[in-house]
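As the structure is a prediction and not an experimental result, all values here were calculated from the model.
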2 protein chains.
Amino acid sequence: MTASSPTRRERLRSATVSEIKEGARKLLVAGGPQAISLRQIARDMGMTAPAIYRYFPSLEALVVALAEDLMDEVAGEVAAAGEAAGDDPGRQLAAMARGYRAWAVANPVEFGLVFGAPVPGVGDLGLECLPDDPGADLGRPFLAAFLRLWQREPWPTPPRDYMLEHLGPYLGPLRETHGDLPIEVAYTFLSGWARLYGMVAMEVFHQVRWALTRPEALFEAEIVQFLSQVGALPDPRP
Amino acid sequence: MTASSPTRRERLRSATVSEIKEGARKLLVAGGPQAISLRQIARDMGMTAPAIYRYFPSLEALVVALAEDLMDEVAGEVAAAGEAAGDDPGRQLAAMARGYRAWAVANPVEFGLVFGAPVPGVGDLGLECLPDDPGADLGRPFLAAFLRLWQREPWPTPPRDYMLEHLGPYLGPLRETHGDLPIEVAYTFLSGWARLYGMVAMEVFHQVRWALTRPEALFEAEIVQFLSQVGALPDPRP
DNA sequence: TGCGATAGTAAACATCGTTCACCTGACTGA
DNA sequence: TCAGTCAGGTGAACGATGTTTACTATCGCA
């Protein structure tokens with residue numbers, strides 16, 4: 001009576017859970033994480049605040065659940081963008097990077113909740129630090145594309161010995177799920193992810209406005225530069 | 001009677017202002033931005049909450065002032081690290097990057113307040129989007145080091161025409177204070193800053209734990225890689 | 001010495017998360 | 001069919017918050 005056919009009660013319950021999370025997101029978007037208020041959500045739903053405690057043990061737990069949903073949402077959009085880009089791993093990488101930025105720019109407050117400073121008790125409890133981290137779902141398609149690209153034709157990287165010594169011992173979580181991952185691919189993936197994350201967070205968090213009025217221009221230039229660096233584009237230099 | 005000799009009242013006042021901000025920072029570190037409470041600060045100071053309104057018009061204003069102080073602090077430490085690194089601009093860049101990361105790792109919550117998701121009303125009011133942004137003080141020494149490095153010997157970049165067309169029109173704020181800045185330097189600076197910011201934010205915000213147990217290792221590898229890319233290190237490749 | 005700005009207090013208001021006691025209505029087992 | 005269990009919801013209450021208002025005392029300058 002659990003998975004096969006959800007009983008009527010379970011359907012109503014999950015609908016209410018969704019409505020609560022929708023209300024929380026609306027408040028989040030309108031006024032930031034601080035503006036998420038149980039009482040306001042309940043008012044919007046025509047309920048009273050204590051009723052929400054039948055569905056979430058605390059406000060914090062609700063925010064954690066919302067953050068997990070948002071992580072799933074962005075991971076889904078990124079993966080979809082990659083799949084819609086055809087079979088070439090280079091194009092897939094570009095499409096996924098653009099999809100990630102597009103989601104972030106379209107949902108800046110949500111981005112801050114999921115990818116920003118961990119709200120005390122949220123980031124440390126909800127998103128644990130182990131291999132089944134929700135972040136892994138986001139990284140996986142990037143990793144797969146890098147791997148296919150590498151198998152087709154390797155690109156220049158720092159010397160293998162250096163990476164094996166300085167990076168290898170700390171790739172534990174990554175190697176548990178991808179045991180056969182060449183360290184060159186792991187390095188390039190991590191380096192590229194940091195560049196992507198940095199570029200997007202910088203734009204969404206307003207950290208670059210003092211120097212650049214159109215961050216998307218730099219983003220596109222970096223995509224071209226990075227892809228040519230991993231041999232996925234004709235070298236853009238003359 | 002303003003600048004020359006601060007009157008006794010002014011001295012006491014600025015001491016109280018500092019004490020308030022110290023209390024705010026203590027609460028920030030202990031429990032995140034949400035934990036900054038006027039009443040708690042006042043209690044710790046042996047006062048009542050409304051007294052603080054003689055010094056700050058609102059809690060938000062206090063947080064903004066604290067954030068500005070923190071930005072000054074990190075900018076000062078970064079600049080000091082650069083100056084302590086001698087005359088070579090490559091060494092200066094490495095020292096400043098390490099100094100930035102060191103401050104962030106030592107003060108993660110403060111980093112989140114200054115470089116994380118803009119608290120609604122804080123990031124948008126306090127850190128305006130124009131050339132006198134406090135972020136500029138942080139970027140300036142990096143920019144200067146890049147410029148000296150470029151004047152000594154240029155490094156390979158994307159083609160000048162591409163950058164002039166796609167990036168040039170949006171460098172307004174940067175060019176107002178550095179009119180003669182070669183666009184290659186501007187691009188390298190922005191790209192490098194995004195990489196540095198991304199690497200540090202990723203570590204401090206716990207966005208990479210699922211793949212890497214020791215982010216500092218990747219950070220150091222990236223410093224080597226980047227510096228060799230701009231010709232500030234012997235190429236680490238065999 | 002007197003006066004005015006300054007710093008501080010106490011009380012109050014609206015809001016918040018959370019807990020408790022209570023109620024009600026739907027589903028279930030005999 | 002009927003009794004009973006329990007999920008879902010309410011209302012009141014507690015302690016905490018930011019903020020405003022009215023009031024008071026004290027410091028420092030003329």
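Using a 30° and 60° split on the angle between ring planes, A:Trp103 and A:Phe115 fall in the perpendicular class, above 60°.
Straight-line distance from the CZ atom of B:Arg54 to the P atom of D:dA25: 15 Å, rounded to whole Å. What separates CZ of B:Phe56 from C1' of D:dG18 is a distance of 16 Å, to the nearest Å. Between the CZ atom of B:Arg11 and the C1' atom of D:dG28 there is a distance of 13 Å, rounded to whole Å. Between the CD atom of A:Glu10 and the C1' atom of C:dC27 there is a distance of 13 Å, given to the nearest Å. Atom pair A:Met47:CE and D:dG8:C1' shows a separation of 9 Å (rounding to whole Å applied). Between A:Gln34 atom CD and C:dT15 atom C1' there is a gap of 14 Å when expressed in whole angstrom units. Rounded to whole Å, the distance from CD1 on B:Ile52 to P on D:dG18 is 8 Å.
Of the candidates D:dG9, D:dT19, D:dA22, the closest approach to any side-chain atom of A:Ala51 belongs to D:dG9. Of the candidates D:dG9, D:dT10, C:dT18, D:dG9 carries the atom nearest the A:Tyr55 side chain, counting heavy atoms from C-beta on. Comparing D:dA13, C:dA12, C:dA7 by their nearest atom to the side chain of B:Arg39 picks out C:dA12. Nearest nucleotide to the side chain of B:Ser37, out of D:dT10, D:dG18, C:dT18: D:dG18. Each of C:dT18, C:dT19, D:dG18 was ranked by its minimum atom distance to the side chain of A:Pro50; first place goes to C:dT19. Relative to the side chain of B:Ser58, the nucleotides D:dG8, C:dA7, D:dT19 differ in distance, and D:dT19 lies closest.
Within the nucleic acid shown, A:Ile36 comes within 4.0 Å of sugar-phosphate atoms alone, with no base atom in reach, counting heavy atoms only. Nucleic acid contact class of B:Ile41 (heavy atoms, under 4.0 Å, all strands): none. Base contact: B:Tyr53 has a heavy atom under 4.0 Å from a base atom. Across all strands shown, B:Thr16 has no heavy atoms under 4.0 Å from either base or sugar-phosphate atoms.
The cationic atom of B:Arg101 (NZ for Lys, CZ for Arg) lies less than 6.0 Å from the six-membered ring centre of B:Phe219 and within 45° of the ring axis.
Between D:dT10 and A:Thr48, a contact under 4.0 Å exists linking OP1 or OP2 to a side-chain N or O. Applying the 4.0 Å criterion to OP1 and OP2 of C:dC16, one finds that A:Arg43 has a side-chain N or O inside that range.
B:Tyr100 and B:Trp193 have their aromatic ring centers within a separation under 6.0 angstrom.
Other residues, nucleotides and ligands contribute more than 12 heavy atoms inside 6.0 Å of the CZ atom of B:Arg214.
Between B:Gln40 and A:Gly46, the one whose closest nucleotide on DNA chain D sits nearer the 5' end is A:Gly46. Mapping B:Leu59 and B:Leu12 onto DNA chain D via the closest heavy atom, the residue that lands nearer the 5' end is B:Leu59.
Using a 4.0 Å cut-off between charged nitrogen and carboxylate oxygen, A:Glu220 and A:Arg98 count as a salt-bridge pair.
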